[in-house]
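Just below is one structure, and these are the notes that go with it.
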Amino acid sequence: MNKRIPLIAGNWKMNKTVGETVELVTQLKQKLSDVRNREILVCPPFTSLVVAKEVIKNSNIKLGAQNMYFEKSGAFTGEISPLMLKDIGCEYVIIGHSERRQYFGETDESVHKKMRVAFENGLFPIVCVGETLQQREQNETFSVIERQVRIGLTGLTGEEPKILVIAYEPVWAIGTGKTATPQQAEEVHAFIRKLYSEIYGKDAAESVRILYGGSVKPDNFSEIMRQPNIDGGLVGGASLKADDFIKLVRY
Ligand code: PEP
């Protein structure tokens, strides 16, 4: 039996001022207070994390960051450390989002370092993987994902392989309105789980949650969530509107 609790995570990207954050999380808190069988996560920009935490404290909504650096402190101008995120009440951190890889030079190696440091500082990493359109068209989807998993997710110990969260986000589906079909997504999710089982064993593979991300909307999400290897969603655009995100949580 699948005991993985669905995780619905909103990646707000570079959106929402402090005032807009308060408005959105206040609505989510009020309208999702009865939800018990889902894990609900919001990942606002750094400037909104403290105020978001203030609003959602004592609720069923958790807080995550969209990125962090892999050192605890020091001369790294403009960066944010895992200690700082932990200090203000973040539980999760998104690592290796394709926009970070594409625009800010993140590699499987930096993803790996960040994942390690997140665990060492008591944050749950959500590590993103996914192929570009060109890679899919050249039949490289599985080799790209395999490399991202083998390098990015290497070196987990103890309970870490079970509590890690992976997000499969085909780059061609992010922010494009072009969702992967449930079958396309399931095929890759099943591949990731099998590969993960080879690396970390069956128990870890049964426990690890693999989220789908890429133009998730209220009208396509329930079909996606019916797939046996899909354990939740990492949602960009549709997490910015309270009504849409609420529908996604209640898919
Ligand atoms: C994302 O930012 O992770 C994402 C999947 O964005 P969107 O839902 O807008 O495609």
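Whatever order the structure lists them in is the order used to number ligands and atoms, beginning at 1.
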>> Quick check with a 6.0 Å cut-off and a 45 degree axis cone: is R38 positioned over the face of Y251's six-membered ring?
In response: yes
>> Is it the case that the side chain of D244 and the backbone of K241 share a donor-acceptor pair, with hydrogens and angles ignored and the cut-off at 3.5 Å?
In response: no
> Name the residues in contact with ligand 1, where contact means a heavy atom under 4.0 Å away: which are they?
Replying inline: N11, K13, H97, E169, A173, I174, G175, G213, G214, S215, L234, V235, G236, G237
> Can K114 be said to sit on top of F70's aromatic six-ring, NZ or CZ under 6.0 Å from centre and within 45° of the ring axis?
Replying inline: no
> Where do M68 and P82 come nearest, in terms of heavy atoms and distance?
Replying inline: SD-CB, 3.6 Å
> Do you see a donor-acceptor pair shorter than 3.5 Å between the side chains of E186 and N229?
Replying inline: yes
>> For a 4.5 angstrom cut-off between non-hydrogen side-chain atoms, does L164 reach Y196?
In response: yes
